[in-house]
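Before any comments, here is the structure.
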Amino acid sequence: MAPQSILLKLAEDIHSKTFQIVKTLRQREQAEPNFESDSPIVDPRIETSHDYEELKNAVNEAANDLLLLINGPKTFLRTFLTTHYELAAYQAAIEFKFFEKVPRQGSIHVAKLAESVGMDEDRTGRFLRLLATQRVFKEVKEDYFAHTAASMALAIDPEVNSAAGMQMDEMFKAASETSNAIRANPSGAHSNDSPFKFRFGLHTFQFYAKNPQKAARFAQAMAGVSQMDRQFSELRDGYPWERFGNGKIVDVGGGSGHVSIYLAQQFPSLSFVVQDESPDMIAQGQPLLAKSSDLTLRTRVSYMRHNFFHPQPVHDASAFFIRQCVHNWPDQECITILRQFIPALEAAPPGTPLIINDTVLPKLNTRTRYEERLLRQLDIAMLVVINAKQRTEKEFRKLVKEADSRFEVKKVHSEGSMGLVEIYLQR
Ligand SMILES: C[S@@+](CC[C@H](N)C(=O)[O-])C[C@H]1O[C@@H](n2cnc3c(N)ncnc32)[C@H](O)[C@@H]1O
């Protein structure tokens, strides 16, 4: 018998998983997506459901492997390592507002588009034609361009547009300086050693403080990212919050308090103190509280200005919670942050945890390469932007021990983008 073909096995995998995707969409009365500008959009509740995500991951994994094998390493490398020319086309199209200027209905002649965006006709057409190979715009007849589903997303969704703009502008430029920044700062111990700082001469936070328009675009992009995650329900279900009874949770670096407000709604006996060093973030909290019909929130969620590089001032908490902050700092600075909890944990009753809610990178071979790629991409994004990192469970355990040998990771409740690391100070 001939040996089983790897290529056919992958193709069969793609077929069977796609079959299940189609079945899921039909069962949930969801129209299939297509490439047209008015394509049905898959309901986010389906898209982010666990079973649908698993199917999507499996198809991505198998389809990618099939292409890698069929194309071979040389073709893969030649195509992938020239992606920056494609990103150059995206950069020009975003910066010159192609997405907004191509009409939502019908098509536009390239000369007319060139005139309205302020670019010459030759380069406008060349950028469009490269993008069209990825189904971003399409040439409906010679020299006439129209939207597709992907170009329309960039035209109509401000969060998608802001994320793309920020990536193709400051992040793309910063990423291209990665090896130069490492050579210039071989120890890489400080958040100032980032490729972003090397490229722009300013720490990322200072850069955005000086460039309010880019800061607003960055904030809008981040708002989009948090909406895409199914993170809140995972956070609710990923930890036994009821165990704190009517206790007080301190949400360190809690920003506007949107996470505390969500948890306070889910667990009506808990109260929350949201700490942040930014008065702007804290100011965003009051309207969120005012919007809620649950009037008890106004007494159960309070705000306090606090810099987490200074000792924790609340000494009667049931738990300390720090979410999406630790991954913004390199190890040395995280160690300083963790040490600031020690006096408060020493004063609190034994059994008061410090809960870090951040990405926990998966152990080897526990996720598809497709999922691992997304998480690892974010890890390198942290390196480029603020010389920070995403950590594995092992790295979290080492980090807390370096902060204080009495720190003990008791449990990692979940991993991936919704990791919950439960830490105690042994006494
Ligand atoms: C990525 S946001 C996370 C916000 C919130 N925890 C969440 O999960 O949505 C990081 C937060 O850390 C705050 N932050 C940055 N440096 C800080 C510091 N030194 N002390 C306290 N908060 C700080 C920022 O203002 C921001 O609100």
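Whatever order the structure lists them in is the order used to number ligands and atoms, beginning at 1. Only heavy atoms go into these numbers, but all of them, side chains included; no hydrogens, no water, no symmetry mates. Nothing fancy with the numbering, it's 1 onward along the sequence.
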**OP:** Please work out which of the three classes, parallel, tilted or perpendicular, describes the rings of Phe127 and Phe98, given edges at 30° and 60°.
**Re:** tilted
Original post:
Is there a donor-acceptor contact under 3.5 Å linking the side chains of Tyr424 and Arg406?
Top reply: no
Subject >> atom 11 (C) of ligand 1 [closest protein heavy-atom partner, distance rounded to 0.1 Å] >> reply: Gly253 O, 3.6 Å
Original post:
What about Asn307: any of its N or O atoms under 3.5 Å from an N or O on ligand 1?
Top reply: yes
Original post:
Less than 3.5 Å between some nitrogen or oxygen of His258 and one of ligand 1, yes or no?
Top reply: yes
Original post:
Can you tell me how far OG1 of Thr392 sits from NZ of Lys363, rounded to the nearest 0.5 angstrom?
Top reply: 9.0 Å
**OP:** Report the distance from atom CG of Asp276 to atom CE of Met304, rounding to the nearest 0.5 Å.
**Re:** 12.5 Å
Original post:
Of all the atoms in ligand 1, which lie at a distance below 4.0 Å from a heavy atom belonging to Gln324?
Top reply: 1 (C), 2 (S), 3 (C), 8 (O), 10 (C)
Subject >> For Glu402, all residues meeting salt bridge (charged side-chain N to carboxylate O under 4.0 Å, His left out), sequence neighbours excluded >> reply: Lys398
Original post:
Does Arg323, backbone or side chain, put an N or O under 3.5 Å from an N or O of ligand 1?
Top reply: yes
Original post:
Does any N/O atom on Val259 come nearer than 3.5 Å to any N/O atom on ligand 1?
Top reply: no
Original post:
Among protein heavy atoms, which sits nearest to atom 23 (C) of ligand 1, and what does the distance come to when rounded to 0.1 Å?
Top reply: Phe308 CE2, 3.3 Å
**OP:** List every atom of ligand 1 that sits less than 4.0 Å from any heavy atom of Ser278, numbering the atoms from 1 in the order shown and giving each element.
**Re:** 25 (O)
**OP:** Walk me through it: do Phe341 and Phe320 pass the test ring pair (Phe, Tyr, Trp, His ring centres under 6.0 Å)?
**Re:** CA-CA 8 Å; Phe341 288 101; Phe320 296 96; 5.7 Å; yes
Original post:
Are any of the N/O atoms in Trp329 less than 3.5 Å from those in ligand 1?
Top reply: no
Subject >> Element-labelled atoms of ligand 1 that are located less than 4.0 Å from some non-hydrogen atom of Met281 >> reply: 25 (O), 27 (O)
Original post:
Looking only at heavy atoms of His306, does any of them come nearer than 4.0 Å to an atom of ligand 1?
Top reply: yes
Original post:
When you check the gap from the basic side-chain N to the acidic O, do Arg367 and Glu372 get nearer than 4.0 Å?
Top reply: no
Original post:
Are Arg28 and Asp51 close enough for a salt bridge, meaning some N to O gap below 4.0 Å?
Top reply: yes
Original post:
Numbering the atoms of ligand 1 from 1, which are under 4.0 Å from a heavy atom of Phe309?
Top reply: 19 (N)
**OP:** For the pair Arg391 and Asp379, find out whether any cationic side-chain nitrogen is under 4.0 Å from an anionic carboxylate oxygen.
**Re:** no
Original post:
Which protein non-hydrogen atom lies closest to atom 18 (C) of ligand 1, naming both residue and atom, and how far is it?
Top reply: Glu277 CG, 3.3 Å
**OP:** Could you tell me if any non-hydrogen atom of Gln275 lies under 4.0 Å from any atom of ligand 1?
**Re:** no
Subject >> Ring center gap for Phe200 and Phe207 short of 6.0 angstrom >> reply: yes
Subject >> Residues, nucleotides or ligands: over 12 heavy atoms within 6.0 Å of Arg298 CZ >> reply: yes
**OP:** Give the atoms of ligand 1, by number and element, whose distance to some non-hydrogen atom of Gly255 is under 4.0 Å.
**Re:** 27 (O)
**OP:** Around atom 12 (O) of ligand 1, find the nearest protein heavy atom and jot down its residue, atom name and distance.
**Re:** Cys325 SG, 3.7 Å
Original post:
What protein heavy atom sits nearest atom 26 (C) of ligand 1, and how far away is it?
Top reply: Asp276 OD2, 3.6 Å
